[in-house]
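The structure appears below as structure tokens.
Count residues from 1 along the sequence.
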Amino acid sequence: VHLIFHRCSNIRGYRIGIRTRMSDFYEIDFLGVGTSKSGDAITMRYKQDGEIFIHVVDGGYQSTGETLVAHIREHYDDPSFIDHVVVTHP
């Protein structure tokens, strides 16, 4: 298992990458997309058994949506859709 950890350059946050086998991987991004009191997003992409999945948990605010989309396009190879979106609070 290889663990990769570094700061995101285009948005306040961190990226974690885990490779379990040469073909499988997990990337998890913790992004600050709100105010100093609240507002974060977690994006993840992983490959398992040859299939790639993308998830978003709490995407931040409407005003930061384009920043989140730009991050996903840049770091997740410009996907045409998101597999799962989870909202933990309104």
Side-chain angles (χ1 to χ4, degrees):
V1 174
H2 300 289
L3 178 65
I4 304 159
F5 180 79
H6 64 277
R7 274 187 79 73
C8 297
S9 58
N10 64 338
I11 190 170
R12 186 176 43 115
Y14 295 91
R15 300 194 81 207
I16 297 174
I18 302 169
R19 294 207 174 264
T20 58
R21 294 183 282 177
M22 289 302 284
S23 60
D24 290 349
F25 64 85
Y26 298 87
E27 296 170 324
I28 306 169
D29 299 323
F30 298 91
L31 308 171
V33 292
T35 66
S36 61
K37 293 182 179 182
S38 66
D40 59 359
I42 301 169
T43 61
M44 60 189 97
R45 176 174 71 159
Y46 63 92
K47 182 176 181 182
Q48 193 169 32
D49 298 326
E51 290 189 68
I52 295 177
F53 301 95
I54 298 174
H55 301 265
V56 174
V57 179
D58 294 339
Y61 296 97
Q62 184 175 359
S63 61
T64 59
E66 287 301 318
T67 304
L68 179 63
V69 169
H71 177 85
I72 291 170
R73 285 183 175 154
E74 178 182 346
H75 294 284
Y76 296 169
D77 301 324
D78 196 18
S80 58
F81 65 94
I82 303 298
D83 293 285
H84 297 99
V85 176
V86 176
V87 178
T88 63
H89 50 84

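At least one side-chain heavy atom of Ile72 sits less than 4.5 Å from a side-chain heavy atom of Ile82. Taking 4.5 Å as the limit, every side-chain heavy atom of Thr43 sits out of range of all side-chain heavy atoms of His75.
Between the CD atom of Glu51 and the OH atom of Tyr46 there is a distance of 9.0 Å, given to the nearest 0.5 Å. To the nearest 0.5 Å, the span separating NZ on Lys47 from CD on Glu27 amounts to 11.5 Å. Rounded to the nearest 0.5 Å, atoms CG (Asp40) and OG1 (Thr88) are 7.5 Å apart. Taking OG1 of Thr67 as the reference point, atom OH of Tyr61 lies at 14.0 Å (rounded to 0.5 Å).
With hydrogens and angles disregarded, no donor-acceptor distance shorter than 3.5 Å links the side chain of Asp83 to the backbone of His55.
Nearest heavy-atom pair across Gln48 and Tyr26 is NE2-OH, 3.6 Å. Taking each heavy atom of Phe81 and Ile54 in turn, the nearest pair found is O-CD1, 4.5 Å. The two residues Ala41 and Leu68 make their nearest non-hydrogen contact at CB-CD1, 4.2 Å.
Note on Val69 and Ile42: separate hydrophobic clusters, where clusters join Ile, Leu, Val, Met, Phe, Trp and Tyr whose side-chain heavy atoms are under 4.5 Å apart, directly or indirectly.
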